[in-house]
Each structure stands twice: as structure tokens, then as C-alpha cells.
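As the structure is a computational prediction, the values presented were derived from the model and not from experiment.
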Amino acid sequence: FGLKRAPACPHTHTAPGVEVIMTGHHHHRKRHHSTTRVPHTPTELLYENEKTHETPARRPPGRRRLSTTPAFILQRKASIKPIKAWQLDAEGADDIFDVVADKDGHALLLPLSGGGAKAVADLPEDEPVTIRVFRFFEDKQDEVRIWEHDLRNVNSGSLLWVVVHLVPRMHSVIGAKFGKWFTAHHISVLPKYLKSGYFMCDMGACPLARTFGTTSSATKSLVSGEHLETGYFWFASPDRDGDGPSHKDVHDDACLQEHGWKHVDVLGLFDGDAFLWAWSRSGSSIIEANIAGVLRSLSPDY
């Protein structure tokens, strides 16, 4: 197929009971069946005294459940038309941004509510901005895991990553290499960390990352050998310094100052199959504004 090695994947965190076999830069998963579940990642051990590991100790306000099953989409009688701007009904939507790229691969912030993009390089380094990132996983039940719910010590991607990850022959030959389920997270970050460098997270840990990080430039190459015109970004959101203790509450300003980010909200669960169906109906555009419109069409709550 004229394939070449894809960029290293940002989604290497595995669910409990999954063995990760390392072969070069690729990660292979093998499921083990067990009746006893023992918390084994540093993030889980932070909460081992809780009554259950299935429910996060704290849920941010405003969480919204989205109806995104294929059945829900198929019941829509009207065709989904491309949307030319970010439009959200939520209060404060104009203060939330998607990270997009220009043709040179430099990061821009585009408001969900519409309007012109802002170059990250032109922003005050220490004035926080709220961005939207996307996190994929294989097991639907992992939605409630503390690392997924709070985005602790995991990698995520920008808006264009949603399409690149799901569509065959873009990031991987068959598509959805790291799972079809995904959530959207709003996080507050300091702009200086949107150009600070990116580290891979593995097994709930980012031992080399001390602060929030971003790929230095947008990734454009695809496994098909083709290249995107602009590209997408990957992110890392550590909650501790190396192997030190986890930050207790990633929703507070102390996390923002210490690690360069804090968690604001999580929306989902999204079904990748439903997204691809709606995206295809909308014209299969990789323009970020149209991708955002497809996401909004999946539920009136978003």
C-alpha cells in the first residue's frame, strides 16, 4: 500500500487486565480474564482507599451524557449538512478553543463559537486558555476510570485527530487502532505549554513529563503515504512530577500552576461508528469547522 511508519501513538494507556507487549514503537494488547481486579497503576493507587475504583472520586460540574449510538443517528430523517462555524449553546462557549494548525504546522486556537484564529505564539504565556481535546479508548467501560474521566497521565488529540484516528488508511490501515469510543475534554492550559514538547504516556504514567505538553508541530503524514494540508496535534497531561505523588485534585488552580493544566469538563461518551456515519453524510470534510459541526449534530446537548 506504499505504507510508512505512522507517528507514535498518543493513546498507550491500557485498561487493567491488559498486558502491553512492546515491539519497537508499537503496542500490542492481550486481554487476560480474571475475577479479581487489583489496582496497579500509580493513578489508580491514589484512590485505592475509595469504596470503588469504577467511579471517580470527584465529578466536575456540568457533565453531559450524549446519545451517540448508531440507532440514534439512523433515526434522524434530515441529512446532516456541513456547518461552517463552531456553534455551541453552552454558556462561555466563546472562551473554549480547538487547537488547529496553519499550513506550516504552527498551532492556532480557533474558538468553538466562531471567529478568527489566534496564533499560540502571540498569546501571553501565563494567561490560561481553555481548549478542547479528544481521548480514545477500546473498552467502553473505561469511561468511568479515573484516568479517563480526569485525563490523568494520558495522551489525547486535537479535533482533526478524531477523523484521522477513525478513518482507515489515515493513522492506521484499518482505522480506530486505539478504540472507537471517545470523549471530549475541556481543559485549561497555560499557552507556554502548548509549545513545550510532547511525551508519550504509558500504563498511567508520564515519567518524562512534568507539565502539559504538545507535539512541537502538527503531524501531517498518513500511512497511505499522503499528507494532510495542515495536520493534527497530540497532548500529554501528567498529574505528577516524574514518579512522584499524583496531584489530588486536577480541577484546582494548583494543578494549573504546577503542571500547566487543569481539568474543566468531560463530555461523552461518543461512538466512533456513529461519528463516521454522520461525518460521511455531511460530506466527509476534514475542515475542522465541519468536523465540529458533525460532533454537535450527534446530540443537542453539545
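Ring geometry for Phe182 versus Phe136: interplanar angle of 30 to 60°, hence tilted. Trp161 and His165 have tilted rings, their planes meeting at an angle from 30° to 60° on a 0 to 90° scale.
Looking at every heavy atom in both residues, Ser282 comes nearest to Val294 through OG-CG2, 3.3 Å. Between Ser188 and Pro128, the shortest heavy-atom distance links the atoms OG-CB, 3.5 Å. Closest approach of His185 to Thr183, counting heavy atoms only: NE2-OG1, 3.0 Å. Scanning all heavy atoms of the two residues, the minimum distance from Cys255 to Val250 falls at SG-CA, 3.8 Å. Heavy atoms only, all atoms of each residue included: Lys195 and Ala121 are closest at NZ-CA, 4.0 Å.
The closest donor-acceptor contact from the side chain of Ser172 to the backbone of Gly175 lies under 3.5 Å. For Arg152 (side chain) and His247 (main-chain N/O), a donor-acceptor pair under 3.5 Å exists by modelled atom type. No donor-acceptor pair closer than 3.5 Å links the side chain of Ser216 to the backbone N or O of Gly197. A distance-only check finds a donor-acceptor pair linking the side chain of Ser158 to the backbone of Phe233 [under 3.5 Å].
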message = Does Ile187 form a side chain to side chain contact (heavy atoms under 4.5 Å, CB included) with Trp261? I'd like the steps, not just the answer.
response = CA-CA 7 Å; Ile187 59 176; Trp261 73 285; 4.2 Å; yes
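With a 4.5 Å cut-off on side-chain heavy atoms, Tyr232 and Val162 do not count as touching. Side-chain contact check for Trp147 versus Asn153: every heavy-atom pair is 4.5 Å or farther apart. For the pair Trp234 and Asn155, the minimum side-chain heavy-atom distance is 4.5 Å or more. A 4.5 Å side-chain heavy-atom check between Pro111 and Phe97 finds at least one atom pair inside the cut-off. Proximity of Phe199 to Pro238: side-chain heavy atoms (C-beta onward) are nowhere separated by under 4.5 Å. Counting heavy atoms from C-beta outward, Ile174 and Pro168 have side chains that stay 4.5 Å or more apart. Under the 4.5 Å side-chain criterion, counting only non-hydrogen atoms from C-beta, Leu228 is in contact with Leu222. Between Leu295 and Leu159 there is a side-chain heavy-atom pair separated by less than 4.5 Å.
Asp126 pairs by the salt bridge (charged side-chain N to carboxylate O under 4.0 Å, His left out) definition with Lys192, not counting sequence neighbours. Not counting sequence neighbours, Lys220 has no partner by the salt bridge (charged side-chain N to carboxylate O under 4.0 Å, His left out) test. Not counting sequence neighbours, the partners of Asp253 by the side-chain hydrogen bond (donor to acceptor under 3.5 Å, both in side chains) test are Lys262.
In summary, the side chains of His106 and Asp104 do not present any donor paired with an acceptor at a separation below 3.5 Å, with no hydrogens or angles considered. Between the side chains of Arg240 and Ser246, at least one donor N or O lies within less than 3.5 Å of an accepting N or O.
Comment: Glu138 does not engage Lys177 in a salt bridge, judged by the lack of any side-chain N to carboxylate O separation of less than 4.0 angstrom.
Between Phe178 and His171, the ring center distance clears the sub-6.0 Å criterion.
Test Leu194, Thr130, Leu256, Val133 against Val189 for side-chain contact (heavy atoms from CB on, under 4.5 Å) and you get one pass: Leu194.
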